[in-house]
Amino acid sequence: NWELIIIDNNSTDNTKDLVNSYNNNKILFYEINNEGVIAKSRNYGIKKSKGDYLCFLDSDDWWHPDKLENVRKACEKGKNFIYHDHYVYSPNRLIRHRKIYTHTLQDPVFENLLHLGQSFATSSVTVKKTIFEKIDFFDEDKKYIAWEDFDAWIRISNITNSFYKIDKALSYINIDNTNLLNDELKIKNMMLFLQKYLYNKKSIPNWCLYNLLVAYYNVSNYYEVNSILKKINFLNLSFFQKLNYIKIKLRCILM
């Protein structure tokens, strides 16, 4: 009981020919020109779907063979939003495979997301379609490019706390030079997030500070780097984040 909806944005890898070769009426193919706004492709697919639940899979990611079976069991429990751990695959790095453990979100999920950040990837998310319709889908405004998914999850958490984590790594997220966010865009997006959701808060969550630290370091804005180094709670960082924090701090001292 499934349907596979492929939204193709001007690809040149013969996807259409491959889909046609299956000759399966449960595999649907649509073409779109999303003008660089991934939200348009996702929303188009959602509106074409007939199922009760939506699972997302970006074109450079892939699922574990047991992914949908595990999701089906969670759906039977009546959950509105389902997510799970995932692996990061980085072919151009020394450590190519790394497991990412996602946060187990507690009530109120809205506050949890704001203060812990998004630890799960879009390709690990399943959401009830009626819930998505209530938030009017992903926001297609260009200012949300690269964080339209996180914004959608936050808006969903405003109307339901029915979030459920599957304690298994069931997807693989590919990280290479073709899909890394520009650091200037990362900074811009983080500022938009803070302005929209945390404008009246006195302190900035640690995950925000860390992301800004790395982005500012990569664009050589050492004034901001040194300012953020003083604000971050080092003990609350993950092992890899601590290593990166130490590397950045040492390089700033030696400059």
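Source: prediction; values computed, not measured.
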Just so I know, are the side chains of [X] and [Y] near enough to count as touching, which here means a heavy-atom distance under 4.5 Å?
X: F163; Y: K79; answer: no
X: L68; Y: C55; answer: yes
X: Y164; Y: K77; answer: yes
X: I38; Y: I145; answer: no
X: V127; Y: I82; answer: no
X: K16; Y: E31; answer: yes
X: Y22; Y: L18; answer: yes
X: I6; Y: T15; answer: yes

For the residue pair [X] and [Y], confirm or rule out a side-chain donor-acceptor distance under 3.5 Å.
X: D151; Y: Y197; value: yes
X: H84; Y: K67; value: yes
X: N211; Y: K186; value: no
X: N174; Y: D60; value: no
X: R72; Y: Y53; value: no

Drop me the distance from [X]'s [atom1] to [Y]'s [atom2], to the nearest 0.5 angstrom.
X: F81; Y: F132; atom1: CZ; atom2: CZ; value: 8.0 Å
X: S41; Y: N43; atom1: OG; atom2: CG; value: 9.0 Å
X: S157; Y: D107; atom1: OG; atom2: CG; value: 10.5 Å
X: K242; Y: I232; atom1: NZ; atom2: CD1; value: 12.5 Å
X: L170; Y: W63; atom1: CG; atom2: CH2; value: 10.5 Å
X: L54; Y: R42; atom1: CG; atom2: CZ; value: 12.0 Å

Walk me through whether C208 and L194 qualify under side-chain contact (heavy atoms from CB on, under 4.5 Å).
CA-CA 9 Å; C208 295; L194 293 172; 4.0 Å; yes

How about [X] and [Y]: are their ring centres within less than 6.0 Å of each other?
X: Y44; Y: F137; value: no
X: Y172; Y: Y89; value: no
X: Y245; Y: Y210; value: no

Applying salt bridge (Lys or Arg N to Asp or Glu O under 4.0 Å) to R155 and D136, what does each step give before you reach the verdict?
CA-CA 10 Å; R155 289 187 286 121; D136 197 25; over 6 Å; no

Given the rule in the side-chain contact (heavy atoms from CB on, under 4.5 Å) test, do C252 and L250 qualify, once you have shown the distances and angles that lead to the verdict?
CA-CA 5 Å; C252 287; L250 286 174; over 6 Å; no

Is there a path of hydrophobic side-chain contacts, each under 4.5 Å between heavy atoms, that joins [X] and [Y]?
X: F56; Y: Y83; answer: yes
X: V219; Y: I228; answer: yes
X: V109; Y: W207; answer: yes
X: F234; Y: I204; answer: yes
X: Y223; Y: I248; answer: no

Using a 6.0 Å cut-off, check whether atom [atom1] of [X] has over 12 heavy atoms from anything other than its own residue.
X: E184; atom1: CD; value: no
X: D66; atom1: CG; value: yes
X: K134; atom1: NZ; value: no
X: N200; atom1: CG; value: yes
X: Q195; atom1: CD; value: no
X: K168; atom1: NZ; value: no
X: K142; atom1: NZ; value: no

Within the distance-only criterion (no hydrogens, no angle test), does the side chain of [X] pair as donor or acceptor with the backbone N or O of [Y] below 3.5 angstrom?
X: Q118; Y: F120; value: yes
X: E148; Y: A146; value: yes
X: Q241; Y: S238; value: yes
X: N14; Y: D17; value: no
X: W62; Y: L57; value: no
X: N206; Y: N233; value: yes
X: K165; Y: T102; value: yes
X: D85; Y: D167; value: no
X: N182; Y: L185; value: yes
X: S124; Y: A121; value: yes

Ignoring hydrogens, what is the shortest heavy-atom contact between [X] and [Y]? Give both atom names and the distance.
X: S123; Y: D61; result: OG-OD2, 2.8 Å
X: L198; Y: L114; result: CD2-CD1, 4.1 Å
X: S119; Y: H86; result: O-CE1, 3.3 Å
X: Q106; Y: N112; result: N-OD1, 2.7 Å
X: G117; Y: H103; result: O-CD2, 3.9 Å

Can you sort out the partners of K129 under salt bridge (charged side-chain N to carboxylate O under 4.0 Å, His left out), two or more places apart, ordered by chain and number?
none

Yes or no on side-chain contact (heavy atoms from CB on, under 4.5 Å) for L4 and W2, after CA distance, side-chain angles and deciding distance?
CA-CA 7 Å; L4 173 59; W2 56 270; 3.9 Å; yes

Show your reasoning for whether side-chain contact (heavy atoms from CB on, under 4.5 Å) applies to N33 and N9.
CA-CA 5 Å; N33 181 8; N9 180 59; 4.1 Å; yes

Check for me whether R98 meets the cation-pi criterion with Y87, that is, NZ or CZ under 6.0 Å from the six-membered ring centre and within 45 degrees of the ring axis.
no

Return the orientation label for the W153 and F138 ring planes: parallel under 30°, perpendicular over 60°, tilted otherwise.
perpendicular

